[in-house]
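Both backbone and side-chain heavy atoms feed into the values below; hydrogens, waters and symmetry mates do not. Letters A, B, ... are given to chains in the order of the sequence lines, protein chains preceding strands, and every chain is numbered from 1. In this text the structure is predicted, and so the values were computed from the model without any measurement.
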Amino acid sequence: MIAMGGLAVDEPSKDDTDVANEVAHDFARVFREEGPGVWRTMLAFTGGRRDIADDVVAEAFARAVQHSRSIHDPAPWIYRVAFRLACEELERDGQRSHPFPEETGDFPDVSGLMGALRQLSPQQRAAIVLHYEADLPVAEIADRMGIAAATVRVHLFRGRARLRVLLGTEVDES
Amino acid sequence: MSERWQQEVRKLRDVEPTPGIWEDAMGRPPSGTSDDDHPPTRKRLIAGALALVVFIVAGAFARQAFRPNDRLSFAEPSVSDVLRIWCDAQSIEVLTPVVAAQPDGIHVDADITGLANPIVGLKSKSDPNTTHYSGSDGVDGVFVRQMPLGEATVFCESGPTEGDGPEDLSGSFTIVDPNAVFTDYQLSCADGELVGGSHEPDGVPTARSPEEAITSQVDGLMSSDVIERAGYPVLAPSGPIYRVTRDGKIIGWFLLLEFPDGYFLPYGQVCPESGLFLNPSDGSDPGQ
């Protein structure tokens with residue numbers, strides 16, 4: 001066993017490394033760098049469901065640590081798992097009938113945004129947030145959402161059009 | 001320089017995640033259920049064999065589960081008891097692209113925003129001439145429609161309108177029957193023809209049973225033809241469907257409507273080479 005960033009992981013043998021091109025990731029560092037972004041994306045994806053965002057991000061990182069040796073690139077892997085878990089939670093939690101909190105007291109500065117995001121489809125929300133909040137290019141968004149780049153562009157196109165209507169287009173020159 | 005909505009999106013950067021998520025993650029027991037888990041192995045040979053098995057299983061799984069539609073592709077592909085869709089004025093997403101037939105039909109739950117007087121339409125690829133609309137039940141709750149198994153499309157539109165919704169506002173889904181509740185009536189031929197079309201008889205229907213209505217209104221039946229109830233076991237408000245089987249092949253199906261004095265066959269679909277056709281008399285008594 002070796003300690004890495006507060007994590008205890010099995011030290012890979014030479015054979016293991018040869019066979020699977022395994023990389024022991026410093027998930028504490030990955031969490032510091034990627035965790036807030038994953039969490040915000042899940043928050044937007046779920047339309048402001050902090051409880052689901054908290055849970056799926058923790059679960060995605062827990063699974064990533066568990067499967068550390070088989071993960072080549074942790075960030076996209078964690079995003080994909082988190083998206084999938086969030087989908088399951090949304091389906092399980094009222095099957096979309098009333099999945100969103102009526103109040104947005106948790107996020108007073110973005111309550112307008114959350115309200116607007118809820119008017120978008122989940123995939124549009126995810127694409128918009130990954131592109132305009134996390135500044136990810138389309139190819140990386142596709143990788144993290146597990147969909148084609150062309151599909152991401154469609155979601156961005158539709159999401160932008162809807163947000164322009166809902167939040168306005170007036171330009172702030174600052 | 002950015003538009004206002006972009007500035008609003010970037011405000012998300014100021015939202016701080018809930019403290020303790022990392023500690024929560026580290027305190028969780030191993031799940032052992034992730035399908036992203038590929039256990040490490042020490043032997044190249046074993047790794048190759050495992051990869052081959054995974055490839056075969058994944059291929060079979062993908063062939064069954066994957067459909068070209070707008071579903072949430074990171075969701076687990078699984079069979080749902082309810083067809084769940086999300087619509088706005090510009091897009092539609094089918095959240096449960098594989099849906100199981102229930103005894104009373106297909107249950108549809110639509111979440112619609114940005115459409116005035118929204119209507120949901122369902123169309124089976126095996127019966128493209130029929131559109132099953134959400135209708136007066138509205139789309140706030142779950143509604144049920146009886147449609148055949150197999151590939152189908154769903155669309156949203158503002159109603160009332162003429163014709164179908166725009167093509168880009170439709171999504172695909174598949175109806176499966178894991179509980180064997182559905183009696184198939186899909187024709188054995190690929191070139192089925194619609195027959196009939198009138199929902200109103202000329203007179204008072206007198207057939208005392210659906211079978212009697214079929215035998216009186218359909219010509220070309222043979223004595224060995226089997227006429228039996230098909231579709232869903234729970235009777236739909238639109239009436240039961242009956243199928244005609246000849247030598248083990250389905251050669252026709254008919255919708256039957258129940259009137260106070262008897263049954264009436266408004267329309268159906270037949271294989272052209274079966275010789276089945278609706279006779280000019282619709283089986284009703286014009287004198288009544």
Side-chain angles (χ1 to χ4, degrees), chain A residues 13 15-16 19-20 22 28 31 35-36 39-40 43-44 50 54 57-59 61-63 65-67 69-70 77 80-81 83-84 87-88 91 95-97 107 109-110 112-113 116 119-124 128-129 132-133 145-147 158 161-164 166-173, chain B residues 1-18 20-44 46-47 70-76 80 82 84 86-93 95-96 109 111 113-114 141:
Chain A
S13 70
D15 282 350
D16 287 338
V19 169
E22 290 161 356
F31 182 82
W39 183 84
R40 289 186 191 108
L43 186 70
R50 182 191 282 271
D54 291 352
V57 172
E59 183 64 23
F61 272 92
R63 292 189 185 186
V65 171
Q66 183 186 349
H67 306 301
R69 290 184 171 190
S70 60
W77 192 97
R80 285 195 295 271
V81 171
F83 272 126
R84 195 177 62 218
C87 283
E88 293 171 356
E91 281 216 356
Q95 308 289 349
R96 296 183 146 263
S97 300
F107 320 106
D109 293 337
V110 293
L113 172 65
Q119 303 297 310
L120 275 58
S121 74
Q123 285 193 322
Q124 289 170 6
I128 288 285
V129 170
Y132 292 100
E133 189 272 327
M145 292 178 68
I147 60 179
R158 290 172 171 165
R162 191 93 178 116
L163 287 178
R164 283 192 180 105
L166 295 167
L167 294 175
T169 57
E170 57 188 275
V171 175
D172 181 353
E173 308 238 349
Chain B
M1 192 164 68
S2 60
E3 297 179 10
R4 177 159 179 257
W5 67 269
Q6 289 174 288
Q7 297 164 11
E8 291 290 323
V9 172
R10 279 198 283 272
K11 283 183 182 176
L12 269 177
R13 293 171 181 170
D14 299 327
V15 178
E16 287 299 318
T18 308
I21 293 178
W22 174 247
E23 290 73 19
D24 181 8
M26 292 304 94
R28 295 190 177 208
S31 65
T33 58
S34 168
D35 56 6
D36 291 300
D37 178 18
H38 307 295
T41 175
R42 295 173 184 277
K43 304 294 182 185
R44 287 179 188 275
I46 296 174
D70 289 332
R71 65 180 293 267
L72 290 170
S73 57
F74 25 72
E76 295 282 357
S80 172
V82 180
R84 301 186 195 288
W86 186 98
C87 289
D88 68 4
Q90 299 168 311
S91 60
I92 180 170
E93 288 185 6
L95 306 175
T96 54
D109 187 1
D111 180 3
T113 184

Do you know the tightest heavy-atom contact between B:Ala25 and A:Ala62? O-CB, 3.3 Å

Exercise: identify the closest heavy-atom pair between A:Leu167 and B:Glu8: CD1-CB, 3.9 Å

Using non-hydrogen atoms and a 4.5 Å limit, figure out which bit of A:Leu166 sits close to chain B: side chain, backbone, both or neither. neither

Could you pull out the closest heavy-atom pair between B:Leu12 and A:Leu113, with the gap in Å? CG-CD2, 3.6 Å

In Å and rounded to the nearest 0.5 Å, what is the SG to CG distance from A:Cys87 to B:Leu95? 8.0 Å

Please state whether the side chain, the backbone, both or neither of A:Ala44 comes within less than 4.5 Å of a heavy atom of chain B. side chain

Is a donor on one side and an acceptor on the other found under 3.5 Å between the side chain of B:Arg10 and the backbone of A:Glu133? no

Looking only at atom types and distance, does a side-chain atom of B:Arg28 sit under 3.5 Å from a main-chain N or O of A:Ala58, one as donor and one as acceptor? no

By side-chain hydrogen bond (donor to acceptor under 3.5 Å, both in side chains), which residues pair with A:Asp54, not counting sequence neighbours? A:Trp39, B:Thr18

Check the angle between the aromatic planes of A:Phe61 and B:Trp22 and answer parallel, tilted or perpendicular using the 30° and 60° thresholds. perpendicular

Inter-residue atom distance B:Trp5.CH2 - A:Ile128.CD1, 0.5 Å rounding: 4.5 Å

Any donor-acceptor N/O pair, A:Arg40 side chain to B:Arg13 backbone, under 3.5 Å: yes

Taking atom CE of B:Met26 and atom CZ of A:Phe31, what is their separation to the nearest 0.5 Å? 8.5 Å

